[in-house]
Amino acid sequence: MHHYIPIFYSKRWASGVPRMLTRYALWRPGVIAVDRKAPKGVGWELNGYSFDGFSGDEAEAVESQLMKPKDDFASRMLCRLETSGADGHWTDDERYAWTWFLVSLLVRGPEDVRSAKANISSDWENPNKRMEGRYQKLLAEFPEMRGHAHPTLKEYIASMGRDYGKRLGVKIMADMADHHEISTRIANMHWQVRTIRGGRRLLTSDRPVRRDYPFRSKNSLLTLPIGPKLAFIAANSRDAIDRSFREGEDVFVQKNNKQIVRQARQFAFAFDDSDREWVERNLAKEAQRGFFHFIRGTGARS
């Protein structure tokens, strides 16, 4: 089971849990389906991390051994944010559990995982000249390796056994969620949870993280809806957080909803269908760049 959005409506949410959510799904250009789903039925994809050619426990190893333990820890941090905000002492493990989850949301949407399976696996099963050249450069830089290393990258891959490309593809996918530089920057930001007290509600999507300005900027701001009335916010300064609410809560919600819905790849989720006409006009109009842009440095905006 592959999760790609946070538990938007947790059982612990103070104002109660809606029986159903409104889901907007872009199935193909110009065709948007609107239906109602139970909260536990959204934000995940069955067998999302399973690679073709594997079976049983091996097929789900990335989910069960790599992602699930971290997701479980992050879920406990989500509970803390919902119930007591970002205040109080956070251990390094707790802060990094939450920042890991935030970074993972940037690189493991359903399309990202499918892309990693197809592209990384294919590349490593059939290395091209550029990849072979990098391997030879490595051998040249470390001549002591030549005594025991395979003379070509293709021979090295063959020595690793059948389906090595598939294994490597999903490992890289998992490793990217541990992007150390960005995780460290977010962990050292000022954190806050804001309760929206007005009439407007936050929306979420399969690309739920809003980022304003590069992470290095003093104006950098990151937001994530963790409930219809709760927003997690991280920024390099408290002033940046305060500025985001300078025009009032309604404007903050409006801007947040606009970016998160427009950057979605396929799905948006809402408390009800009161924004139906607007969501249908805006869903995925500026779809966020995917996994390969991130690993090339063009999607991280660090």
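Scope of the values below: all heavy atoms of this structure, side chains included, with no hydrogens, waters or symmetry mates.
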Report task. Step by step, work out the side-chain hydrogen bond (donor to acceptor under 3.5 Å, both in side chains) result for Asn219 and Arg243. Result -> CA-CA 9 Å; Asn219 297 315; Arg243 280 197 302 273; 2.7 Å; yes
Query raised in the report: Can you list the steps and then say if Ser274 with Asp272 is a side-chain hydrogen bond (donor to acceptor under 3.5 Å, both in side chains)?
Result: CA-CA 6 Å; Ser274 58; Asp272 55 31; 2.7 Å; yes
Report task. Decide yes or no on side chain to side chain contact (heavy atoms under 4.5 Å, CB included) for Val209 and Arg211, but give the supporting numbers first. Result -> CA-CA 6 Å; Val209 178; Arg211 291 173 289 150; 4.1 Å; yes
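Considering only heavy atoms from C-beta on, Leu222 stays 4.5 Å or farther from Ile233 through its side chain. Residues Ile186 and Val103 are in side-chain contact: their nearest non-hydrogen atoms beyond the backbone lie under 4.5 Å apart. In this structure the side chain of Thr22 reaches within 4.5 angstrom of the side chain of Arg36, judged on heavy atoms. Side chains of Leu230 and Val193 form a contact here, defined as non-hydrogen atoms less than 4.5 Å apart. Between Phe215 and Thr184 there is no side-chain heavy-atom pair separated by less than 4.5 Å. Side-chain contact between Tyr96 and Ser183 is present, with heavy atoms from C-beta onward closer than 4.5 Å. Under the 4.5 Å side-chain criterion, counting only non-hydrogen atoms from C-beta, Ser244 is in contact with Leu221. Side-chain atoms of Gln263 and Lys285, non-hydrogen and from C-beta on, never get closer than 4.5 Å to each other.
In summary, the side chains of Asp239 and Ser237 do not present any donor paired with an acceptor at a separation below 3.5 Å, with no hydrogens or angles considered.
Atom CD of Gln266 and atom CD1 of Ile32 lie 10.5 Å apart (nearest 0.5 Å). We find the CG-CZ distance between Asp250 and Arg197 to be 13.5 Å, quoted to the nearest 0.5 Å. Taking CG of Leu105 as the reference point, atom CZ of Arg207 lies at 9.5 Å (rounded to 0.5 Å). Annotation: the span from Arg281 atom CZ to Asp275 atom CG amounts to 10.0 Å, rounded to 0.5 Å.
Remark: Asn282 pairs with Arg262 by the side chain to side chain donor-acceptor pair (under 3.5 Å) rule, at least two apart or across chains. For Gln192, the side-chain contact (heavy atoms from CB on, under 4.5 Å) partners at least two apart in sequence or on another chain are Arg194, Ile241. Residues passing the salt bridge (charged side-chain N to carboxylate O under 4.0 Å, His left out) test with Arg80 are Glu94, sequence neighbours excluded. Shown here are the side-chain contact (heavy atoms from CB on, under 4.5 Å) partners of Glu132, two or more places apart in sequence or in another chain: Tyr135, Gln136, Thr152, Leu153. Residues passing the side-chain contact (heavy atoms from CB on, under 4.5 Å) test with Ala284 are Leu26, sequence neighbours excluded. For Thr195, the side chain to side chain donor-acceptor pair (under 3.5 Å) criterion is met by no residue, not counting sequence neighbours. Scanning for salt bridge (charged side-chain N to carboxylate O under 4.0 Å, His left out) contacts around Asp35 gives Arg23, with sequence neighbours left out. Residues satisfying the salt bridge (charged side-chain N to carboxylate O under 4.0 Å, His left out) criterion with Arg76, sequence neighbours excluded, are absent altogether. Here Asp273 pairs with nothing under the salt bridge (charged side-chain N to carboxylate O under 4.0 Å, His left out) rule; sequence neighbours left out. For Glu280, the side chain to side chain donor-acceptor pair (under 3.5 Å) partners are Arg276, not counting sequence neighbours. When the side chain to side chain donor-acceptor pair (under 3.5 Å) test is applied to Glu249, no partner is found at least two apart in sequence or on another chain.
A donor-acceptor pair under 3.5 Å links the side-chain atoms of Thr83 to the main chain of Cys79, judged by distance alone. Using a distance-only test at 3.5 Å, with no hydrogens or angles considered, no donor-acceptor pair links the side chain of Asp206 to the main chain of Ala264. Checked by atom type and distance alone, the side chain of Asn257 never pairs as donor or acceptor with a backbone atom of Leu202 at under 3.5 Å.
The hydrophobic cluster containing Leu283 also contains Val34, counting ILVMFWY residues as joined when their side-chain heavy atoms lie under 4.5 angstrom apart, directly or transitively. When the side chains of ILVMFWY residues are joined at heavy-atom separations under 4.5 Å, either directly or via intervening members, Tyr213 and Ile260 end up in two distinct hydrophobic clusters.
Pairing each heavy atom of Tyr24 with each of Ala270, the nearest pair is CE1-CB, 4.1 Å. Taking both residues in full, the closest heavy atoms of Val261 and Ala268 are given as CG2-CB, 4.5 Å, listed atom of the first, atom of the second, then distance. Between Asn236 and Ser217, the closest heavy-atom pair is ND2-O, 2.6 Å. Leu139 and Ala149 make their closest contact through CD2-CB, 3.8 Å (heavy atoms, listed as atom of the first residue, atom of the second, distance). Taking both residues in full, the closest heavy atoms of Ala235 and Ala240 are given as CB-CB, 3.9 Å, listed atom of the first, atom of the second, then distance.
Within the structure, ring pair (Phe, Tyr, Trp, His ring centres under 6.0 Å) contacts touching residues 217-246 (residues at least two apart or in different chains) are Trp98-Phe232, Trp191-Phe232, Phe245-Phe252.
Here Arg210 pairs with Asp212 in a salt bridge; the nearest charged N to carboxylate O distance falls below 4.0 Å.
Here the two rings, on Phe267 and Trp27, have centers that are under 6.0 Å apart.
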